[in-house]
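Contents: one structure, followed by commentary.
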Amino acid sequence: MLSEAEWQAIALSLKIAGTAVGWIAVPGIALAWLLARREFRGKALLDGLIHLPLVLPPVVVGYLLLLSLGRSGWLGQWLFETFGVSLPFTWQGAAVAGGVMAFPLLVRAVRLSLEAVDPKLEAAASTLGANRLRVLFTITLPLAIPGLLTGTVLAFARALSEFGATITFASNIPGATRTLPLALYTLIQTPGKENAAARLCVIAVAIAMVSLIASEWLARRARLRLQERDL
Amino acid sequence: MNRRDACGGVPAATTPNALSCEVRKRQGAFSLNVSLDVPASGVTALFGPSGSGKTTLLRLMAGLDRPDSGRVTLGERVLADTARGVHLPIHHRGLGVVFQEARLFPHYRVRSNLTYGMPRDGRSKFDDLVALLGIQHLLDRMPGMLSGGEARRVAIGRALLTGPRLLLMDEPLTGLDGERKGELLRYLVRLTREIDIPVVYVSHDPAEITAIADHLAVLEDGQVAAYGELDALMLRLDLTQRLGGFDAATRLTGKVMAHDPHYALTDVGLADGQRLRVPMLDLSPSSPVRLRVGVRDVAIALRMPTNTSYRNGLWATVEAMMPSDHEPSAMELRLVIGTQRLRARLTRQACDELQIIPGKKVVALIRSVSFDDTLEPIN
């Protein structure tokens, strides 16, 4: 039903988006908790930095990644010399681009759901002898699960649809960094490939719908579990 | 590790659980400046109108807030000392806290809520406490299904199962309707007699306080206006207005002497040999009992009257009297009956007509039916 090139693009996209979300999940949740529950100097600045990819043109983000993580970039040089890792033009590079672009969405969703957890419940847990870590893992995070799920799926979808930063930082290499949006773009640029482009378009819509429905379903299940038989 | 020394499996005598605090805190225009020693046993009520600083003080004791300056100690243990920069975190204080709202964890069943802070050796207490609080049938429910009173009982059990060295309760009856309130109050009175740790009980309701407290600290504008044993404070005529005004009451203690099943009455003997007749008590003879007598339920006669519906006439001596500070027609009286004190409120006119003066022998008349719902067994 699907051509090999189509399968390749889909599998690559899922791999890259999945890796991106895997990389940003823990730091994203940690930062969201910091923003939701702690007051510190430079909080507004940190908040701004996190949200930057949301408002910058993706090409700018891709270019900044290239400048910092490229072989001659300050971070890229260190990575290459220390670990022999080079990110540009690799699928890992595409995952970095997707992760950076998806990061603000993840942090926002998780922060909102953490802020919705009643601090009075956390205080009650402390009076019962729970230290901060136990409060976090037994009260805060479980109660924020609907938001954690929504945030993760949203970040996954964003990483999946990443185009500008990816093509700038990781280029458009078939089988390595040609994800679904890049494949679609390539087809549109090629005369006589309108049908193939239309097929990819339908696939993209289908994947997006499936992830949205899955997220809604998971979040609702989590909410129901929280308010089980709560009438 | 701190969990271990926080659990009160040790006999009360070896754990000096007296809470002592001497704290100052400013919050906007309000400032709290309190020095208070809570005895190591019994219920100490923090009483006062809203805004008097009761809850602020409780939060400082619990460690939920930091004092601007001062010290909080529990026995030998320093919980907070601003001079030395000590602020023991909440989870290391070993105090049980019951909040105004139950604050049950909505994602755990009642059982898991109860065991959340329970040390491993708390298992043995679990069944007894659950039975005492009457929450056995709720264990497998989610908190969302509980009524207000049930949720409070679970919250109280949850706090006690951590094995605290002291229990702090912040208006635990707030927001319950009259009947649920009375029910939970009865559970609380029973519970506070059963547990061997001191309780600090915040409330603005005089009826609640007289039912449950042994000691009383009256807070006003962030200061302790009066502090002492409840019975002693309730006898102070100058505190009438603060301690409930209209509904002020005193407590008499006695022993069950005999029952009269035909009329459903019980005779209670006071220490000086005089007797009171009250509605039938479900207690065996010689059980000690405490009777709450409202100041408005006492009438005064100069001789033991005959042909009267009053079932109770107690010989008493007028000890002190003071015109009411909020009711121009009324006079507050304090009477001595044996070693006990009883308060009464008369009109000033009656006082003048009967020529009541301190030292005068009178008869205090109390209607038997006025004892309704004000009886409580001791221990």
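Small disclaimer: the values here were computed from a predicted structure and weren't measured. Numbers restart at 1 for each chain; the letters A, B, ... are given by sequence-line order, proteins then strands.
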Can a donor-acceptor pair be found, under 3.5 Å and without considering hydrogens, that links the side chain of Tyr108(B) to the backbone of Thr138(A)? yes
Does His204(B), at its NE2 atom, have more than 12 non-hydrogen atoms belonging to other residues, nucleotides or ligands within less than 6.0 Å? no
Leu168(B) portion near chain A, given a 4.5 angstrom heavy-atom threshold: neither
A quick test of your reading: do over 12 heavy atoms of other residues, nucleotides or ligands sit less than 6.0 Å from CD of Gln136(B)? yes
Is any side-chain heavy atom of Met118(B) closer than 4.5 Å to a side-chain heavy atom of Leu128(A)? no
Can you tell me if Arg158(A) has over 12 outside heavy atoms packed within less than 6.0 Å of its CZ? yes
Determine which residues belonging to residues 113-127 of chain A lie within contact range of chain B, meaning some heavy atom pair is under 4.5 Å apart, and list them by number or answer 'none'. Lys120(A), Leu121(A), Ala123(A), Ala124(A), Ala125(A), Ser126(A), Thr127(A)
If every non-hydrogen atom of His91(B) is compared with every non-hydrogen atom of Asn131(A), which pair is closest and at what distance? NE2-CB, 3.5 Å
